[in-house]
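Please read the structure below before turning to the comments.
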Number of protein chains: 2
Amino acid sequence: MNFSVSEENYIKSIYHLQQQTDLVTTNSLANELQTRPASVTDMLKKLQVKKILEYEKYKGFRLNASGKKVALSIVRRHRLWEYFLVTKLGFEWDKVHAIAEELEHVSSPELIRKLDDFLNHPTADPHGDPIPDMHGKIAVIKQLSIADVPENKNVVVSSVSNQSPDMLELLKHYHIGIGTGLKVTTRFSFDGSVEIKVSKYAPCIISELVAKNIFVYHD
Amino acid sequence: MNFSVSEENYIKSIYHLQQQTDLVTTNSLANELQTRPASVTDMLKKLQVKKILEYEKYKGFRLNASGKKVALSIVRRHRLWEYFLVTKLGFEWDKVHAIAEELEHVSSPELIRKLDDFLNHPTADPHGDPIPDMHGKIAVIKQLSIADVPENKNVVVSSVSNQSPDMLELLKHYHIGIGTGLKVTTRFSFDGSVEIKVSKYAPCIISELVAKNIFVYHD
DNA sequence: ATTATTTTTTAGGTTTGTCTAAATTTTAAT
DNA sequence: ATTAAAATTTAGACAAACCTAAAAAATAAT
Ligand SMILES: [Mn+2]
Ligand SMILES: [Mn+2]
Ligand SMILES: [Mn+2]
Ligand SMILES: [Mn+2]
């Protein structure tokens with residue numbers, strides 16, 4: 001089946017929202033897409049007709065199996081393009097999301113196959129998020145935010161959930177990127193701030209807000 | 001100013017048509033875009049309001065200076081992407097047009113600047129057509145079709161105007177590509193066919209139709 | 001258990017880009 | 001110079017995707 005740019009954006013947003021809460025609500029989706037609840041309801045009816053989601057009036061909705069498959073293929077395109085933009089074109093990773101938001105809608109399967117080959121089948125995008133494979137299979141990475149990780153345990157940064165320029169600026173300052181090794185040395189209960197030791201650098205303190213946005217691998 | 005995908009497609013098509021005939025007609029544009037004359041008239045009014053073209057009812061229309069600039073930036077994006085698809089992703093050049101037709105509308109100047117850097121500032125696309133530079137400057141390549149080139153003169157293939165898979169198949173058979181050196185040895189007036197000698201290969205005969213679609217540099 | 005608040009849906013409109021059919025203008029043919 | 005044909009424009013409609021305002025349903029508060 002074929003989907004419009006708008007439909008694809010809705011499908012992808014529903015997918016992301018239902019990672020957190022199984023059943024998605026009209027308001028949360030409207031908020032995510034920066035649109036009006038009435039518009040969401042309109043689109044839901046369309047997607048229901050296309051048999052992409054389960055929808056019970058006033059209750060909520062979720063993608064069904066084929067909806068998830070569509071979503072994962074959009075996510076795949078998005079993350080492959082992000083990877084391309086950073087590793088090949090030299091973009092910083094706070095600039096790639098908006099562009100990938102457009103590129104993800106270019107609808108040639110052959111293009112994505114060849115792009116994936118060209119990039120040597122990357123498994124994670126520049127923000128550390130896993131790239132679904134051709135068949136829609138996505139690695140489930142067990143993660144924990146720095147705010148929750150045990151003290152004095154060596155961990156590796158897996159992803160960063162806030163991808164704003166301001167966040168990137170701060171991370172550069174702390175010498176933190178995807179793959180960086182670090183360890184939490186002290187936790188301060190007054191403001192939730194955390195002292196960390198990043199590879200060979202002197203220990204430093206990060207705010208609770210920053211700590212909550214940095215995720216590390218967890219077994 | 002900002003243009004929709006549809007507007008961009010119209011602008012680019014007008015640009016291409018007015019390379020041949022200064023004043024473009026409604027029917028020819030409708031034919032080019034596979035749409036209806038009435039739709040063309042509608043769009044012309046919109047583009048006129050946006051001060052992109054000169055338009056006299058029932059007479060015809062042409063892009064003005066700023067319209068041409070917009071067109072050239074779309075052509076630039078299209079051809080850079082085609083170059084990328086062939087040289088980096090390994091597409092054959094009969095497959096890239098449709099994909100570039102979508103990619104050209106991704107609207108990030110920074111993306112195109114970086115793509116151009118990444119590709120090392122190519123000056124021609126895979127079909128031999130010149131790529132306009134950042135400022136909209138496009139090389140005017142003097143060309144002559146093989147059907148018109150003088151006999152026994154060594155020439156170099158500059159571009160191929162028919163980009164169908166069938167044409168590509170034939171050209172591969174003849175060992176002809178962009179940059180190939182060849183020379184017309186005999187011209188047969190019965191059917192307009194032409195005997196050519198391609199680099200080190202034995203002479204061969206190409207039909208008038210093929211000859212008319214292959215262009216060579218001309219001083 | 002009512003009442004108030006919030007969430008969601010419906011009703012009715014707007015914009016963009018398309019279409020068909022009819023009217024108008026231009027061009028070609030007699 | 002008329003008439004016929006072709007090209008172009010106008011008129012009116014339609015689908016997609018959005019909106020606001022009002023109605024309906026679900027939740028929360030008294
Ligand atoms: Mn998008
Ligand atoms: Mn990402
Ligand atoms: Mn296009
Ligand atoms: Mn080309």
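Basis for what follows: all heavy atoms, side chains included, without hydrogens, waters or symmetry-related copies. Quick note on labels: first sequence line is chain A, next is B, and so on, each numbered from 1. Owing to the predicted nature of the structure, the values given are computational and were not obtained by experimental measurement.
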Pairing of [X] and [Y] as salt bridge, 4.0 angstrom limit:
X: B/E92; Y: B/K172; value: yes
X: B/E104; Y: B/R79; value: no
X: B/R76; Y: B/D133; value: no
X: A/K12; Y: A/E7; value: no

Side chain A/T87, main chain A/Y83, donor-acceptor under 3.5 Å: yes

Residues which pass salt bridge (Lys or Arg N to Asp or Glu O under 4.0 Å) with A/R113, listed by chain and number, not counting sequence neighbours: A/E110, A/D117

D/dC19 OP1/OP2 closer than 4.0 Å to side-chain N/O of A/S39: yes

Taking [atom1] from [X] and [atom2] from [N], how many angstroms apart are they, rounded to a whole number?
X: B/D42; N: D/dC14; atom1: CG; atom2: C1'; result: 13 Å
X: B/M43; N: C/dC19; atom1: CE; atom2: P; result: 11 Å
X: A/L47; N: D/dA16; atom1: CG; atom2: P; result: 12 Å
X: A/L23; N: D/dA26; atom1: CG; atom2: P; result: 14 Å
X: A/N2; N: D/dA16; atom1: CG; atom2: C1'; result: 15 Å

Protein-nucleic acid N or O pairs under 3.5 Å, nucleotides 6-9 of chain D:
unit_1: D/dT8; atom_1: OP2; unit_2: B/N27; atom_2: N; d: 2.8
unit_1: D/dT8; atom_1: OP2; unit_2: B/N27; atom_2: ND2; d: 3.4
unit_1: D/dT9; atom_1: OP1; unit_2: B/Y55; atom_2: OH; d: 2.4
unit_1: D/dT9; atom_1: OP1; unit_2: B/Y58; atom_2: N; d: 3.1
unit_1: D/dT9; atom_1: OP2; unit_2: B/T26; atom_2: OG1; d: 2.9
unit_1: D/dT9; atom_1: OP2; unit_2: B/T41; atom_2: OG1; d: 2.9
unit_1: D/dT9; atom_1: O4'; unit_2: B/Y58; atom_2: OH; d: 3.4

For B/I214, the option from B/I196, B/L171, B/V149 that meets side chain to side chain contact (heavy atoms under 4.5 Å, CB included): B/L171

Interface with DNA chain D, restricted to residues 6-20 of chain B and to heavy atoms under 4.0 Å: none

Plane angle bin for B/Y55 and B/F61 - parallel if under 30°, tilted between 30 and 60°, otherwise perpendicular: perpendicular

